[in-house]
Amino acid sequence: MSVSKVEQSYDRMSELKAFDDTKAGVKGLVDSGITKVPQIFILPPKNRVEKCETNFIFPVIDLQGIDEDPIKHKEIVDKVRDASETWGFFQVVNHGIPTSVLHKTLQGTRQFFEQDNEVKKQYYTRDTGKKVIYTSNLDLYSPSVPAVSWKDAFFCFMTPNPPMDYSKDVTKLGFSLLELLSEGLGLDRSYLKDYMDCFQLSYSCNYYPSCPQPELTMGTIQHTDVDFVTVLLQDDIGGLQVLHQNHWVDVPPTPGALVVNLGDFLQLLSNGKYISAEHRAISNRDGSRMSVACFFSESHAQSSKLYGPITELLSEDNLPKYRATTVKDHSNYILTRGVDGTSALSRYKI
């Protein structure tokens with residue numbers, strides 16, 4: 001059969017709906033014993049994984065002694081600022097969250113995704129207004145998305161009453177990071193933390209099943225995060241990559257470490273001084289991968305605040321590079337457009 005006939009016989013919308021209707025996600029496909037990646041997951045060649053650059057050393061920042069020694073504190077601020085300006089990504093160690101809590105959080109994530117599907121699918125929904133959402137690809141039906149991601153996810157909102165130890169620990173860490181990032185911009189320590197008037201902490205617990213043809217698809221295609229800061233817990237399998245100096249670089253799994261990356265709103269607020277870097281998760285055939293992303297952001301349902309470059313950072317030599325927007329406008333744009341492999345910040349460029 002010719003390629004054109006194959007394309008003609010492929011009804012993308014019907015395939016998407018059939019996949020969605022199972023409420024079993026990508027894991028359901030793997031459990032059914034498939035040996036080939038279905039058409040809806042196959043990326044155009046330009047979006048697939050190419051060779052990863054290995055000559056870069058991914059930044060790791062030791063937070064030990066951050067509140068005890070002023071000299072050490074300044075060194076940490078300098079390292080956070082440098083990583084935020086050049087990478088938009090870094091790992092933190094000695095962050096204060098016990099390894100046992102990290103392990104328990106990943107273990108709980110695995111237990112949710114690997115439980116009986118009949119139990120799981122009662123949470124399956126595409127209603128982003130719900131407090132708890134289990135789904136596969138929130139942007140499944142978006143026409144601009146090049147292919148469905150090889151990932152299932154469980155979303156939940158952790159504010160105002162975080163129900164687990166990890167939420168409390170990671171909130172404390174996130175606020176500490178916002179203080180360091182404020183200092184790195186030459187602002188008052190509490191500036192960024194106080195800037196948010198409707199703080200919201202949300203989770204995305206991600207499950208990437210093993211893939212029979214990982215070269216054809218992606219766990220999550222390249223994107224930037226919509227928030228202020230993301231704190232990511234990943235397991236030891238690896239697969240997270242960040243775009244640095246036009247090269248894809250692996251974010252190595254480091255025992256006990258947490259990955260930190262800056263979101264769109266910090267790039268916008270800092271007038272481009274800090275980077276909201278593009279990143280992605282590749283697929284693998286060696287086993288299922290898990291990660292837990294904690295997003296520090298404003299509630300787009302409650303906040304009507306306009307966000308633009310911070311006035312104190314602007315001057316005749318540093319004019320605004322972005323127009324202001326609300327969290328709701330930016331979030332709705334992302335939800336409508338889906339993860340299509342491009343940064344949404346170009347929409348606000350002046």
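- The closest donor-acceptor contact from the side chain of R285 to the backbone of P212 lies under 3.5 Å.
- Under the 6.0 Å cut-off for aromatic ring centres, H244 and F58 do not qualify, their centroids lying 6.0 Å or more apart.
- In this structure, the ring of F19 has its center less than 6.0 angstrom from the ring center of F41.
- Here the closest heavy-atom approach between residue S283 and residue W150 is recorded as OG-CB, 3.7 Å.
- Using bins of under 30°, 30° to 60° and over 60° for the plane-to-plane angle, the ring pair Y195/Y307 lands in the tilted bin.
- Looking only at atom types and distance, the side chain of E183 has a donor-acceptor partner in the side chain of H73 under 3.5 Å away.
- Side chains of F295 and L201 form no contact here, defined as non-hydrogen atoms less than 4.5 Å apart.
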Full working for ring-ring contact (aromatic ring centres under 6.0 Å, His included) between F199 and F175: CA-CA 11 Å; F199 168 66; F175 284 159; 5.1 Å; yes

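- If you look at Y207 and F113, their ring centroids are closer than 6.0 Å.
- Atom CD of Q64 and atom CG of D67 lie 11.0 Å apart (nearest 0.5 Å).
- Under the 6.0 Å distance and 45° angle rule, K23 does not count as a cation-pi partner of Y123.
- Between Y134 and F154, the ring center distance fails the sub-6.0 Å criterion.
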